[in-house]
Each structure stands twice: as C-alpha cells, then as structure tokens.
2 protein chains.
Amino acid sequence: MKKKDSVAEVKLSEEQFQAIARALSDPRRFAILRQVAAADGMECASLEEHECISPATISHHMKELNEAGLIEITRVGRGARLFLCRPIFTAYVNRLASI
Amino acid sequence: MKKKDSVAEVKLSEEQFQAIARALSDPRRFAILRQVAAADGMECASLEEHECISPATISHHMKELNEAGLIEITRVGRGARLFLCRPIFTAYVNRLASI
DNA sequence: CTTATACTTCGATAGTCATCGAACGATCCG
DNA sequence: CGGATCGTTCGATGACTATCGAAGTATAAG
C-alpha cells in the first residue's frame, strides 16, 4: 500500500540531488523557479528578475537550473519558454522529506 | 478540511527559508543532518565527518545548521548532543513542495 | 594538580560563484 | 538588407565560504 506514486517516482543520483540543493540555495534562482512553477511555459523575458539583474546573469541562472534538471528551456522565435520539470522537483522534495 | 497539520505547522520567515536552503546546499552539512535525523540526540563526536574534516570545520557546520534553526545543540559533559528540529525542517519541506 | 578529551573561536587561505559589460548569434520586422 | 529584440558566451571582479592550524574554554579522569 503506497501513497502518491502516480508519476512513477524518479530516482535522483547523489550528484543530481546535490546539484538541486545548490541550485535552490540562491534566492534569485528560487524566485525564478517559483515563477516558472506558477506559470509553466512562461517566457523567459517575463521574469521579474529583468528588473534587477542583467540578461547575462539571468542566463547564467537558467543554465544552473537547467543543468540541475529543474527546468527545461525551449527556444521559440527570439525568446525562450520555461518549463518546470516537476517529477525531478518532486523527487527532490520527497527525498528531503524522507530523512 | 486539512491534511497533516498535527504539529501546528511552523511559519518560516523568508530569511529563515533561505538560510535553510543555504545550509542544505553543502554536502557535508546535509550528511550531518541526515545522521542527526537518523539518531536524534546523538553525540557530536560520533559524526562520520570526524574521519575527514577537522573539528574546527565541523564546529563551523554545526553553527550554520543551528543558526538556520535545523538543529539544537546541548552541551553535556565534554561533549554535545544534537537534536533535529523537525517542525522547522518539515515546514521547509512543505513550503518547498507547495510552489 | 595535571593530563586528556570535546568542542569553540580566530585569522588566514584557497576556491567558488553571483554579477557585470562587451561581444556574439539568432530571429523577427520594416 | 538593416535595425531591433532576446538570449548566450566570455573574461574579469568582488564577495562569500569551506577549510585548516593554533590557541582557548570547559569538563572529566588519573
């Protein structure tokens, strides 16, 4: 008898687990992730962070989040659409919760 | 109708939330937290980390975990006992999960 | 009292990382 | 074609931090 395994729980490597922890430890990155979670498929250009940090820095954070496996980035036209990889994120949360 | 609020869910400040995220982003600290979670009230001297890092560094990590609100440290005799602050930890996990 | 154990504090160091500006690449529009 | 917009890459820089050894504090034991 199990609970909530409807998505066939992803298995995170130790490396990825730590990469995610690191990715989430930066306030900007977490803010970005929150926005993507709230509006899946949103335009990168719509992120609030464009108000306070440079495009170069935003791009850097995107790369980090992407390499941690937390978001997918799809270029469309001149812009980019952002998608939360919820299975990965959920796997991280569950693993944390289980310590 | 709610779920699992049996501990009267703790409310984390934005500051504490980020402090916890930062605390968890270091592999050593996470390893320490895992050991404490697995053996609440354990002796600091029993941590595996004594095999690989200096007492000074361990003490530093303890301070970080303590200031993030994740562990309590009580001196007893020459040693120190470590306790996981599960309500705080759970509040962090729940807040993460709710994005 | 002296020694040993357990942890803390301090200062220094080396490595990491968020941030930027500048230059570049791609795409859309007129 | 020629701008204009959006994002990426690169190199540099300043800030932060994990780590250490050495010195300090407290406690227990001989």
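Letters A, B, ... mirror the listed sequences (proteins, then strands); counts begin at 1. In this text the structure is predicted, and so the values were computed from the model without any measurement.
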Response to the item:
Whole-Å distance, Lys63(B) NZ to dC16(D) C1', equals 16 Å
Fill in: Phosphate OP1/OP2 of dC6(D): any His50(A) side-chain N/O under 4.0 Å
no
Fill in: Nucleotide dG7(D), atom P - distance to CZ of Arg81(A) in whole Å
11 Å
Practice prompt. Quickly work out the Met62(A) CE to dT8(D) P distance and round it to whole Å.
Written response: 8 Å
Worksheet item: Within the structure shown, what part of the strands sits under 4.0 Å from Ile58(B) by heavy-atom distance: base, sugar-phosphate, or nothing?
Response: nothing
Discussion item. Regarding Arg29(B), tell me which of base, sugar-phosphate or nothing describes its non-hydrogen contacts under 4.0 Å with the strands shown.
Written reply: sugar-phosphate
Fill in: Those residues of residues 67-75 of chain A lying under 4.0 Å from DNA chain C by at least one heavy atom
none
Item to complete: Between Cys44(A) and Thr57(B), name the one whose nearest nucleotide on DNA chain D is closer to the 5' end.
Response: Cys44(A)
Discussion item. What is the distance, to the nearest angstrom, from the CG atom on Asp26(A) to the C1' atom on dC16(D)?
Written reply: 12 Å
Worksheet, complete the sentence: Smallest heavy-atom separation, Ala68(B) atom then Ala23(B) atom, equals CB-CB, 4.0 Å
Discussion item. Looking at dA18(D), I'd like to know if its phosphate oxygens (OP1 or OP2) sit under 4.0 Å from a side-chain N or O belonging to Arg22(B).
Written reply: yes
Worksheet entry | Nearest-Å distance for atom pair NE2/P, residues His60(A) and dT9(D) | 12 Å
Item to complete: Name the first nucleotide and the last nucleotide along DNA chain C (5' to 3') that come under 4.0 Å of a heavy atom in chain B.
Response: dT5(C) to dT9(C)
May I have the list of side-chain donor-acceptor pairs in residues 30-45 of chain B shorter than 3.5 Å, sequence neighbours left out?
residue: Gln35(B); atom: OE1; partner: Glu48(B); partner atom: N; Å: 2.9
residue: Gln35(B); atom: NE2; partner: Ala31(B); partner atom: O; Å: 3.2
residue: Gln35(B); atom: NE2; partner: Glu49(B); partner atom: OE1; Å: 2.9
residue: Asp40(B); atom: OD1; partner: Leu84(B); partner atom: N; Å: 2.7

Worksheet item: Have Arg28(B) and His61(B) got a donor and an acceptor in their side chains that come within less than 3.5 Å?
Response: no
Response to the item:
Taking for Ala56(A) and for Arg78(A) the nucleotide of DNA chain D with the nearest heavy atom, the one nearer the 5' end belongs to Arg78(A)
Worksheet item: With no hydrogens and no angle check, is any side-chain donor or acceptor of Arg86(A) less than 3.5 Å from a backbone partner on Thr90(A)?
Response: no
